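Below you'll find the structure, written out as structure tokens, and then a few comments.
Fair warning: this is a prediction, and the values are worked out from it, not measured in the lab.
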Amino acid sequence: MLLPTTATAVLVALIISLIGWGSWASLFKMAKKARFELFYYDFNWGALAAAILLVFTLGMWDQKELTFQDNFILTGYRKIAWALGSGILLNLATVLLLAAVSVSGMTVTFPIAFSIAWAIAAGWQYFAQPGVNPLLAFGGAGVTLLAGLLAVIAYRWHRAGIALSAETALRADPRVKATAPPKTGTVGIILASVAGVFYSLFFPVLGEAMFGDNGLASYGAVLLAVIGLFASSVMIVPFFLNFPVQGGPLEVRRYFKMPLMHHLLGVLAGVVFVGGLLSGLVILGIPPAIQISPVISFLLSHSGPLVAALWGLLIWREFAGAPTRVTMMLAAMFVMLLAGLGIIAVAPGFGK
């Protein structure tokens with residue numbers, strides 16, 4: 001298996017993970033009129049193709065060393081079951097997050113989802129890892145949750161402002177059709193919040209598959225997780241087709257009428273997602289001699305949602321024309337997210 005052998009390679013893997021986790025949803029935004037349910041089918045195909053390609057190339061890089069197939073022989077059935085189960089959790093988290101993006105955009109849904117995921121993960125870290133400072137762990141969790149709350153407030157202010165502008169235009173000219181979205185955008189907030197809970201469960205479950213004497217290596221773990229994701233989509237995606245979060249119900253045959261570009265963007269999104277996931281996992285268990293600063297490693301491996309929020313804010317202009325108070329609230333959100341992550345990152349180094 002191809003694994004990092006230098007500190008520079010570790011840093012490159014973390015940067016790839018940062019870009020992958022932060023950019024895959026932007027490909028959905030590029031397919032401007034695509035329904036997320038149909039886009040997600042192509043996302044699944046891209047994720048599966050990428051996982052298979054990566055394990056049969058990089059996972060078998062040096063036949064003289066341990067390959068992912070050798071690792072499978074040494075792995076117990078229980079570990080394989082944990083990995084497949086993690087894929088189901090990953091699927092639920094990702095499809096809910098994509099549904100939230102389709103309703104409310106990237107700028108706030110990623111921070112809301114992952115502020116919850118990080119807060120729950122901080123609790124897991126304290127109880128599962130000896131030597132974690134409880135004040136820093138739970139303090140960092142509180143700061144990240146506060147950042148998520150700021151995102152909710154900024155979003156609701158922005159939606160209320162859009163609705164008010166539409167009502168003003170309608171009063172000025174009754175012939176103008178009001179097209180403002182709902183004032184609160186509660187659906188997107190709820191979807192992102194539930195997605196965050198599932199993401200917080202995914203990593204511990206995948207950890208059960210990877211750690212231990214007969215645990216899976218990163219390549220095998222990613223392949224099985226993606227297989228779990230792909231297989232569970234058979235039940236999960238049709239649910240959203242029949243009970244959509246936005247618009248009317250869809251029939252599966254609409255998938256075959258999508259433009260080719262939308263299909264390609266969906267497949268590419270799956271490839272980017274899996275590339276980011278694998279890059280973040282290959283650094284686990286590397287020798288101490290090539291490890292970089294634990295704080296830097298933690299920040300790089302967890303800051304993908306900040307990249308996604310920047311995509312939504314700066315590239316897709318989801319808050320264009322927002323008043324100053326909304327802009328200031330979003331700026332505070334970014335500061336609080338970074339601060340919360342930083343506090344959680346240093347918690348293991350300060351003991352109990």
Side-chain angles (χ1 to χ4, degrees), residues 24-47 87-117 148-149 151-160 162-163 166 178-202 229-230 232-255 257-259 262-263 265-266 269-270 273 305 308-309 311-313 316 318-319:
W24 66 269
S26 273
L27 294 161
F28 170 66
K29 297 286 289 186
M30 290 181 187
K32 296 181 180 180
K33 295 184 179 180
R35 286 281 292 266
F36 87 90
E37 301 94 329
L38 303 179
F39 182 91
Y40 197 68
Y41 276 125
D42 289 314
F43 174 91
N44 274 261
W45 284 112
I88 299 174
L89 293 172
L90 180 63
N91 193 15
L92 288 167
T94 307
V95 72
L96 286 169
L97 183 58
L98 191 62
V101 170
S102 72
V103 175
S104 302
M106 298 173 62
T107 306
V108 295
T109 53
F110 271 80
I112 290 170
F114 284 92
S115 65
I116 293 173
L149 179 60
V152 172
I153 294 172
Y155 179 62
R156 295 185 70 168
W157 280 354
H158 183 54
R159 296 289 288 251
I162 294 174
T179 58
K183 292 184 178 182
T184 60
T186 304
V187 172
I189 295 170
I190 293 174
L191 290 170
S193 300
V194 179
V197 174
F198 280 117
Y199 272 123
S200 72
L201 297 174
F202 162 68
L229 181 150
F230 186 88
S232 58
S233 288
V234 175
M235 295 179 292
I236 294 173
V237 178
F239 173 84
F240 285 98
L241 289 174
N242 288 284
F243 302 97
V245 299
Q246 191 176 44
L250 289 174
E251 295 181 354
V252 176
R253 63 183 180 182
R254 283 282 300 276
Y255 170 80
K257 298 180 180 180
M258 288 174 58
H262 288 184
H263 287 296
L265 289 171
F273 181 85
W311 269 103
L313 185 65
W316 301 114
E318 292 173 346
F319 280 78

Might you point out which heavy atoms bring [X] and [Y] nearest each other, and give the distance in Å?
X	Y	result
A309	T107	CB-O, 3.6 Å
A154	F319	O-CE2, 3.9 Å
G247	P244	O-CG, 3.3 Å
V197	S200	O-OG, 2.5 Å
G188	V103	N-CG1, 4.0 Å
A151	V108	O-CG1, 3.6 Å

Inset, instruction - Determine yes or no for a side-chain-to-main-chain donor-acceptor pair under 3.5 angstrom, with E318 supplying the side chain and G105 the backbone. - result: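 Absent.
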Give, for atom [atom1] of [X] and atom [atom2] of [Y], the distance between the pair rounded to the nearest 0.5 Å.
X	Y	atom1	atom2	answer
I162	W157	CD1	CH2	15.0 Å
F240	R35	CZ	CZ	12.0 Å
T109	L191	OG1	CG	9.5 Å

Inset, instruction - Taking side chain to side chain donor-acceptor pair (under 3.5 Å) as the test, write out the residues that go with W45, two or more places apart. - result: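 If we apply the side chain to side chain donor-acceptor pair (under 3.5 Å) test to W45, skipping adjacent residues, there are no hits.
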Going by the rule ring-ring contact (aromatic ring centres under 6.0 Å, His included), which residues pair with [X] if we only count those two or more places apart in sequence or in a different chain?
X	result
F273	W21, W24, F43
Y255	Y41, H263
H262	none

Are the side chains of [X] and [Y] in touch, meaning some heavy atoms are under 4.5 Å apart?
X	Y	answer
D42	M258	yes
W311	F110	no
L38	V237	no
E37	F239	no
V252	P238	no

Inset, instruction - Show the numbers, then the answer: is there a side chain to side chain contact (heavy atoms under 4.5 Å, CB included) between R156 and I189? - result: CA-CA 10 Å; R156 295 185 70 168; I189 295 170; 4.1 Å; yes
Compile the donor-acceptor pairs under 3.5 Å between side chains in residues 91-99 and protein atoms, sequence neighbours left out, one pair per line.
from: N91; atom 1: OD1; to: Y40; atom 2: OH; distance (Å): 2.4
from: N91; atom 1: OD1; to: S233; atom 2: OG; distance (Å): 3.4
from: N91; atom 1: ND2; to: L229; atom 2: O; distance (Å): 3.0
from: N91; atom 1: ND2; to: S232; atom 2: OG; distance (Å): 2.8
from: N91; atom 1: ND2; to: S233; atom 2: OG; distance (Å): 3.0
from: T94; atom 1: OG1; to: L90; atom 2: O; distance (Å): 2.7
from: T94; atom 1: OG1; to: Y199; atom 2: OH; distance (Å): 3.1

Inset, instruction - Kindly indicate, with the supporting measurements, whether the criterion side chain to side chain contact (heavy atoms under 4.5 Å, CB included) is fulfilled by V101 and K29. - result: CA-CA 9 Å; V101 170; K29 297 286 289 186; 4.2 Å; yes
Inset, instruction - Using the test side-chain contact (heavy atoms from CB on, under 4.5 Å), find all partners of L149 that sit at least two apart in sequence or belong to another chain. - result: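 With sequence neighbours excluded, L149 shows a side-chain contact (heavy atoms from CB on, under 4.5 Å) to L146, I153, given in chain and number order.
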